[in-house]
Amino acid sequence: QVLLVESGGGLVQAGGSLRLSCAASGRTISRYGMGWFRQAPGKEREFVAAISPSGGSTEYADSAQGRFTISRDNAKDTVYLQMNSLKPEDTAVYYCAAAQADSDRHYYTEMYEYDYWGQGTQVTVSS
């Protein structure tokens with residue numbers, strides 16, 4: 001069992017920044033691919049960013065590319081999402097997820113690939 005707890009969400013103005021954290025307990029995350037997803041009201045949950053177990057490979061949704069950065073600190077069992085230049089359309093509940101990986105080089109972009117999910121943290125960006 002891996003318990004994931006997100007933190008760092010809140011209300012910010014457009015153009016501002018937030019840093020989300022995802023703290024894991026129960027197991028080390030060093031063998032898990034990690035990802036961030038988000039879901040806005042009335043919309044499907046969508047992929048935001050993913051990182052391979054070693055941190056050597058990352059992938060971003062087009063909407064996040066150039067503005068968001070995913071990183072991990074396996075020694076602290078924590079994953080981060082640095083969000084810069086935030087836009088109102090970034091408003092959503094952001095979810096952290098962990099996927100049991102078969103390679104240190106792999107990342108995962110689909111919801112069904114993930115085994116554990118956090119409870120989500122609200123990000124609201126005002127114009």
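One-based numbering along the sequence shown.
The shortest side-chain heavy-atom distance between V123 and M83 falls under the 4.5 Å cut-off. For the pair Q39/Y94, no side-chain contact is recorded, criterion being any heavy-atom separation below 4.5 Å from C-beta on. Contact check for R38 versus R45: no side-chain heavy atoms found under the 4.5 Å cut-off.
With sequence neighbours left out, Q122 forms a side-chain hydrogen bond (donor to acceptor under 3.5 Å, both in side chains) with T124. For S85, there are no side-chain hydrogen bond (donor to acceptor under 3.5 Å, both in side chains) partners, not counting sequence neighbours. Legend: residues meeting side-chain hydrogen bond (donor to acceptor under 3.5 Å, both in side chains) with S103, ordered by chain and number and at least two apart, are absent. Partners of D62 under the side-chain contact (heavy atoms from CB on, under 4.5 Å) rule, at least two apart in sequence or in another chain, do not exist in this structure. Y95 is linked by a ring pair (Phe, Tyr, Trp, His ring centres under 6.0 Å) to nothing, counting only residues two or more places apart in sequence or in another chain. Looking at residues two or more places apart in sequence or on another chain, you find a side-chain contact (heavy atoms from CB on, under 4.5 Å) between Q119 and V5, E6.
Each side chain to side chain donor-acceptor pair (under 3.5 Å) pair with one or both residues in residues 65-74, not counting sequence neighbours, appears once here: R67-D90, R72-N74. Screening residues 79-88 for salt bridge (Lys or Arg N to Asp or Glu O under 4.0 Å) gives no qualifying pairs among residues at least two apart or on separate chains. Within the structure, the salt bridge (Lys or Arg N to Asp or Glu O under 4.0 Å) test picks out no pair touching residues 100-116 (sequence neighbours left out). Residue pairs that meet the side chain to side chain donor-acceptor pair (under 3.5 Å) test with at least one member in residues 51-61, sequence neighbours left out, are E59-Y107. Counting only residues at least two apart or on different chains, the ring pair (Phe, Tyr, Trp, His ring centres under 6.0 Å) pairs with a member in residues 22-54 are F37-F47, F37-Y114, F37-W117.
Note that OH of Y80 is 11.5 Å distant from CE of M34, once rounded to the nearest 0.5 Å. The structure places CD of E44 at 9.0 Å from CE of M111, a figure rounded to the nearest 0.5 Å. The CG atom of L81 sits 6.5 Å away from atom CD1 of I70, with the distance rounded to the nearest 0.5 Å.
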Which atom pairs, one a donor and one an acceptor, fall under 3.5 Å between side chains of residues 10-21 and the rest of the protein, sequence neighbours left out?
from	atom 1	to	atom 2	distance (Å)
S17	OG	N84	OD1	2.9

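The two residues A24 and I29 have their closest heavy-atom pair at CB-CG2, 3.3 Å. The two residues A99 and Y108 make their nearest non-hydrogen contact at CB-CD1, 3.8 Å.
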For side-chain contact (heavy atoms from CB on, under 4.5 Å), just list the numbers for Q1 and S25, CA-CA rounded to whole Å, side-chain angles, deciding distance to a tenth of an Å, and then say yes or no.
CA-CA 8 Å; Q1 180 69 39; S25 61; over 6 Å; no
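Side chain of T78 to main chain of K76: a donor-acceptor pair is present (N/O by atom type, distance under 3.5 Å, no hydrogens or angles).
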